[in-house]
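Bear in mind the structure is a predicted one, so any value in this text is a computation, not a measurement. Along the sequence shown, residues carry numbers from 1.
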Amino acid sequence: QVQLVESGGGLVQAGGSLRLSCTASGRTSSTYIMGWFRQAPGKEREFVAGINRSGDRTYYADAVKGRFTISRDNAKITAYLQMNSLKPEETSVYYCTASSSIVVLTRSSAYNYWGQGAQVTVSS
């Protein structure tokens, strides 16, 4: 079992930045692919970014490429999502997730463990 706890959400103006953190406990998180999803009210949960076990390969949804950066520190058992140039339509609950799959996948069903979510609100 892996427990994931997000932090760093909050309110930011359009164009601003936030950094989300995800701290893992339980089984060694370095054996898992880490990812971030988001879900806005009335919408389906969508893939935002993923990172492989060693942290040298990252994957992004087209909507966030060039603005968001996912990273991980296996020594600290923490994953991060740096979000820049945020837009009001990106107001969502952001979820940290971990997967035992071999490669980063974009479907939520591929992920075994989920955090409780962090609210990110972008004001216009």
Side-chain angles (χ1 to χ4, degrees):
Q1 288 286 336
V2 175
Q3 293 78 43
L4 304 172
V5 178
E6 301 98 336
S7 61
L11 174 65
V12 65
Q13 288 189 333
S17 299
L18 280 175
R19 188 176 82 154
L20 301 178
S21 299
C22 173
T23 301
S25 60
R27 290 190 63 184
T28 306
S29 70
S30 62
T31 64
Y32 292 87
I33 284 171
M34 302 295 292
W36 290 92
F37 282 70
R38 65 188 180 189
Q39 188 168 20
K43 295 187 177 181
E44 292 186 355
R45 192 169 295 189
E46 63 176 0
F47 174 81
V48 175
I51 188 167
N52 68 346
R53 289 173 174 77
S54 60
D56 60 352
R57 290 192 177 184
T58 56
Y59 304 83
Y60 297 95
D62 288 343
V64 306
K65 282 180 181 176
R67 298 186 297 117
F68 289 16
T69 302
I70 187 172
S71 61
R72 67 190 296 165
D73 184 335
N74 287 338
K76 295 182 179 179
I77 322 178
T78 300
Y80 305 95
L81 184 68
Q82 176 67 43
M83 304 182 293
N84 298 329
S85 302
L86 281 160
K87 305 174 183 179
E89 56 265 36
E90 295 181 307
T91 294
S92 297
V93 177
Y94 284 71
Y95 295 92
C96 175
T97 185
S99 171
S100 57
S101 67
I102 296 174
V103 296
V104 173
L105 299 173
T106 60
R107 65 178 190 271
S108 59
S109 60
Y111 290 81
N112 310 88
Y113 304 102
W114 295 82
Q116 82 286 354
Q119 178 68 47
V120 172
T121 303
V122 186
S123 64
S124 57

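- Side-chain rings of Tyr111 and Phe37 approach one another, their centers coming within less than 6.0 Å.
- Between atom OG1 of residue Thr106 and atom CD of residue Glu46 there is a gap of 11.0 Å, rounded to the nearest 0.5 Å.
- For the atom pair Phe47 CZ and Leu105 CG, the distance stands at 9.0 Å (nearest 0.5 Å).
- For the pair Pro88 and Ala14, the tightest heavy-atom approach, listed with the atom from each and the gap, is CD-CB, 3.9 Å.
- Using a 4.5 Å cut-off on side-chain heavy atoms (C-beta onward), Met34 and Leu4 make contact.
- No donor-acceptor pair closer than 3.5 Å links the side chain of Gln39 to the backbone N or O of Ser92.
- A donor-acceptor pair is defined here as one N or O able to donate and one able to accept, closer than 3.5 Å; no such pair exists between the side chain of Tyr95 and the backbone of Glu6.
- The closest donor-acceptor contact from the side chain of Ser101 to the backbone of Ser99 lies at 3.5 Å or more, if one exists at all.
- Distance check: Tyr80 OH to Trp36 CH2 gives 10.5 Å after rounding to the nearest 0.5 Å.
- Atom CG of residue Leu18 and atom CD of residue Glu90 lie 11.0 Å apart, to the nearest 0.5 angstrom.
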What do the steps show when you test Arg38 against Val64 for side-chain contact (heavy atoms from CB on, under 4.5 Å), and what is the final call? CA-CA 12 Å; Arg38 65 188 180 189; Val64 306; 4.0 Å; yes
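- Closest approach of Leu86 to Arg67, counting heavy atoms only: CA-NH1, 4.1 Å.
- Here the side chain of Asn84 pairs no donor or acceptor atom with the backbone of Thr69 at under 3.5 angstrom.
- At least one side-chain heavy atom of Leu11 sits less than 4.5 Å from a side-chain heavy atom of Ser123.
- Nearest heavy atom pair, residue Ser100 against residue Asn112, reads N-OD1, 2.8 Å.
- Between the side chain of Thr91 and the backbone N or O of Val122, at least one donor-acceptor pair lies under 3.5 Å.
- Arg72 places a side-chain N or O within donor-acceptor distance of the main-chain N or O of Asn52, the cut-off being under 3.5 Å.
- The aromatic rings of Tyr113 and Tyr32 sit perpendicular, their planes meeting at an angle over 60°, well past the 30° parallel limit.
- The two residues Tyr94 and Val48 come nearest to each other via the heavy atoms CE2-CG2, 4.4 Å.
- Contact between Val104 and Gly50 at its shortest, heavy atoms only, is CG1-CA, 3.9 Å.
- Between atom CG of residue Asn74 and atom CZ of residue Arg53 there is a gap of 10.5 Å, rounded to the nearest 0.5 Å.
- In terms of heavy atoms, Ser21 sits closest to Thr78 at CB-CG2, 4.3 Å.
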